[in-house]
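Have a look at the structure below before the remarks.
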Amino acid sequence: MKAIQIFQTGGPEVLTLVDVPVPVPGPGQVLIKVAAIGVNFIEIYFREGRYKAPLPLVPGSEASGTVEAVGAEVEGFAVGDWVASVSVMGSYAEFALVPAAQLVKVPAGMDLKLAAAALLQGMTAHYLSHSTFPLKAGDTALVHAAAGGTGLLLTQMAKSVGARVIATVSTEAKAELARAAGADEVILYTDADFEVETRRLTDGRGVDVVYDSVGRTTFDKSLNCLRPRGMMVLFGGSSGAVPPFDLIQLSVKGSLFVTRPTLFQYMATRAELEERAGFVLNGVAAGRLALRTEHTYPLASAAVAQVDIASRGTTGKLLLVP
Ligand code: NDP
């Protein structure tokens with residue numbers, strides 16, 4: 001089968017298209033024929049060596065597809081089932097293994113590309129808005145990078161529970177997308193000071209929660225956008241990692257809360273995984289959640305996709321199709 005492999009860490013050029021044997025599912029594992037592969041920032045961190053993994057490595061953790069074979073002790077999945085997962089053991093490939101415990105079924109008739117586009121960013125948006133800081137009607141949230149893959153879904157989910165969304169984006173075209181996703185206010189944070197604007201838009205009160213995936217360039221000002229006892233949810237670092245931070249700032253700025261969550265602790269049990277995945281996949285299948293999937297590349301162009309997601313030029317989800 002064709003797969004992308006990394007033999008050494010480095011730039012996009014280390015992503016190499018290779019022929020490797022189709023893997024054989026061991027106990028508790030399922031082999032899927034991959035239909036679509038979700039591209040995520042974390043693959044760049046592994047490629048660059050910021051996150052460590054044994055080499056050679058087939059990158060990628062998100063994919064949808066059909067069940068090709070099941071290993072021993074697997075229950076609940078059969079050959080031909082439509083499935084998706086964010087825990088694929090190397091999804092940049094034509095076939096891949098997934099622990100059955102981490103696999104979910106895709107609703108009948110749903111486009112498998114949409115399933116791959118929705119799952120990781122959708123479950124992330126779901127835990128951020130329903131568990132980390134459970135939004136309710138009347139709350140105001142500041143959502144950075146609101147036209148990104150996660151940002152568009154988070155904005156839609158925040159609006160669906162009745163919260164007010166102040167969104168930040170870098171261009172007018174992205175502002176249009178954030179508004180279409182339901183954002184009440186949009187700040188072009190490359191032109192305007194988002195701290196000043198957020199204070200103005202909240203009559204000086206500040207927001208209840210900031211969802212910040214941008215990190216290095218937004219973190220300090222984001223703290224200044226919070227109301228007393230508000231919550232800073234730092235869930236990514238698209239602009240770089242936030243440097244070490246003096247906790248006394250949380251006191252000075254108003255008894256604030258800060259958390260740095262990751263999806264994996266929010267899908268720790270089978271019940272939680274099924275609840276979040278069901279919310280997202282059924283929401284997309286029923287038309288309650290809209291996705292943008294205009295950035296789709298052949299598997300061989302994985303390097304281009306990784307350059308593009310980091311370039312700030314994309315909106316919505318990036319997919320590879322084998
Ligand atoms: P996005 O589609 O949001 O792409 C990143 C966006 O960040 C860009 O489009 C850009 O939007 C904004 N950005 C601001 N500054 C920069 C910069 N210097 N370089 C690049 N982008 C910049 O990506 P995802 O939705 O896939 O992921 C968003 C973030 O969330 C990532 O950091 C990812 O690692 C993290 N994440 C965390 C998870 C968790 O559980 N903790 C799970 C999933 C993702 P604009 O042009 O509008 O500024």
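One-based numbering, in listed order, for ligands and for the atoms of each.
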Quiz item: Taking 4.0 angstrom as the limit, do E274 and R270 come out as a salt bridge?
Solution: yes
Self-check item: Residues in contact with ligand 1, criterion: heavy atom under 4.0 Å
Solution: F41, L120, Q121, T124, Y127, A145, G148, G149, T150, V169, S170, K174, Y189, S213, V214, F235, G236, G237, S238, S239, R260, P261, T262, L263, A310, R312, T314
Quiz item: Heavy-atom distance under 4.5 Å between the side chains of L226 and K253, does that happen here?
Solution: no
Exercise. Give the ring-plane orientation class for H144 versus Y189, where under 30° counts as parallel, over 60° as perpendicular and anything between as tilted.
Key: parallel
Quiz prompt | Heavy-atom pair with the smallest gap, counting every atom of Q29 and P25 | solution = O-CB, 3.5 Å
Quiz item: So, R164 and E185, do they make that salt bridge, N to O below 4.0 Å?
Solution: yes
Quiz prompt | Salt-bridge present (D184, R179; N to O < 4.0 Å) | solution = no
